[in-house]
Amino acid sequence: MASKMFRELLAQVPADIRNFNTLTMGLAAYIDDILKYRRLSRKDLAKKLGKSESEISKWMNGDHNFTLSTISKIEAALDTQLVTIPVYREDQKPLEQNSNASLQITNKSIPCTDGILPLDKLQISMCNSSKGCFPTSDTYSINLSEEPSYA
Amino acid sequence: MKFFKIIEYYTGRKASFFSVITDDNQDDEFSLLAERLYSTEHKDKLLKLISKIQIMADKTGTRDFFKDEGANLVFRFNIDNDEAYPIRIYCIKYGSENIILGGGGIKLPTTQTYQEQDDLNSAVTLLRTVDKTLNESNIKGYEIPKVLDCKFEL
């Protein structure tokens with residue numbers, strides 16, 4: 001639930017600001033989770049990178065403009081991947097502005113065993129407000145690795 | 001008799017944001033501040049904060065995206081990495097899931113700490129009073145969603 005004013009203001013947020021916040025906050029949160037999961041402290045990361053702990057804390061405040069060089073160093077230090085570059089396909093069309101395209105789960109009910117949702121049984125369709133829904137021709141996989149992602 | 005109510009501002013799957021209405025005001029403290037900032041040159045920073053609130057609520061949780069004001073649970077939002085940036089917006093942070101948004105203002109160049117500026121000081125003081133009142137009423141941070149719209153004496 002959101003207050004009326006919040007909804008009105010949120011609708012005015014420029015796309016580049018929203019994207020920047022998503023990237024900076026998402027990266028900080030993801031690094032934070034990796035450290036927690038691996039039982040590493042910020043001090044440990046600072047040591048691996050030859051930085052001070054206060055600098056690592058500054059990175060984690062959700063507003064740090066990470067350079068590719070810093071991202072690469074963190075990826076190497078934590079032996080993980082923080083950023084994935086999509087591969088361009090020749091038949092790939094640019095996303096339409098405000099196309100409202102989305103992925104939807106189309107099967108109404110999926111039997112669960114012992115409360116576990118069988119993800120391989122999900123039927124996923126690509127939906128667009130003007131073109132309707134159609135099953136995706138590509139294979140979409142859901143990565144259930146131990147580390148969460150903030151796509 | 002003065003009183004306050006807590007209202008829901010925005011709830012996502014990772015965190016909830018609330019605000020405070022005092023006495024018979026129509027708007028909550030955060031909305032009053034947002035309204036003031038909207039018509040200034042700081043509108044873009046206000047929108048940046050709104051976007052951050054949505055991302056925290058929906059995706060990342062609240063984490064360390066705040067600056068500690070050294071006033072018990074009262075924090076201020078980190079809107080811009082530039083330390084000299086003049087907007088101050090305060091909140092009370094209960095764990096990682098419940099945040100009460102408060103007021104704030106535009107820090108003057110001559111102000112060093114929030115105590116030196118009336119509008120900033122009263123925003124922090126109100127939040128500390130809200131926290132104290134909730135404490136005295138034995139309401140824990142995670143119980144805030146249960147006491148929405150209840151009147152508390154200030």
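Lettering follows sequence order; numbering is per chain, from 1.
Annotation: side chain of A/Ile17 is not in contact with side chain of B/Asp44 (no heavy-atom distance under 4.5 Å). B/Gln54 has its side chain out of reach of A/Asn21: every pair of non-hydrogen atoms, C-beta onward, lies at least 4.5 Å apart. At a threshold of 4.5 Å between non-hydrogen side-chain atoms, the residues B/Tyr38 and A/Gln12 count as touching. A 4.5 Å side-chain heavy-atom check between B/Lys52 and A/Thr24 finds every atom pair outside the cut-off. The closest side-chain heavy-atom distance from A/Met5 to B/Tyr9 is below 4.5 Å. Looking at heavy atoms from C-beta onward, A/Phe6 lies in side-chain contact with B/Ile53 at the 4.5 angstrom threshold.
Between A/Ala28 and B/Phe65, the closest heavy-atom pair is CB-CE2, 4.0 Å.
Remark: A/Asp79 CG is loosely packed, at most 12 non-hydrogen atoms of other residues, nucleotides or ligands lying under 6.0 Å away. Heavy atoms from other residues, nucleotides or ligands lying under 6.0 Å from CG of B/Asp118 number 12 at most. Summarising the local packing, NZ of B/Lys93 is surrounded by more than 12 heavy atoms from other residues, nucleotides or ligands at distances under 6.0 Å.
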Trace of the salt bridge (charged side-chain N to carboxylate O under 4.0 Å, His left out) decision for B/Asp64 with A/Arg42: CA-CA 12 Å; B/Asp64 287 345; A/Arg42 290 180 183 180; 2.7 Å; yes
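Under the 4.5 Å side-chain heavy-atom criterion for Ile, Leu, Val, Met, Phe, Trp and Tyr, B/Ile139 and B/Ile92 are members of the same hydrophobic cluster. Linking Ile, Leu, Val, Met, Phe, Trp and Tyr whenever their side-chain heavy atoms come within less than 4.5 Å puts B/Val74 and B/Leu154 in one cluster. Taken together through direct or relayed side-chain contacts under 4.5 Å among Ile, Leu, Val, Met, Phe, Trp and Tyr, B/Ile21 and B/Phe17 form parts of separate hydrophobic clusters. Follow the hydrophobic side-chain contacts under 4.5 Å out from A/Phe66 and you reach A/Ile34 in the same cluster.
Between the CG atom of A/Leu9 and the CG atom of B/Leu37 there is a distance of 10.5 Å, given to the nearest 0.5 Å. Note that CZ of B/Phe18 is 12.5 Å distant from OG of A/Ser3, once rounded to the nearest 0.5 Å.
Contact annotation for A/Met25: both backbone and side-chain heavy atoms come within less than 4.5 Å of a heavy atom of chain B.
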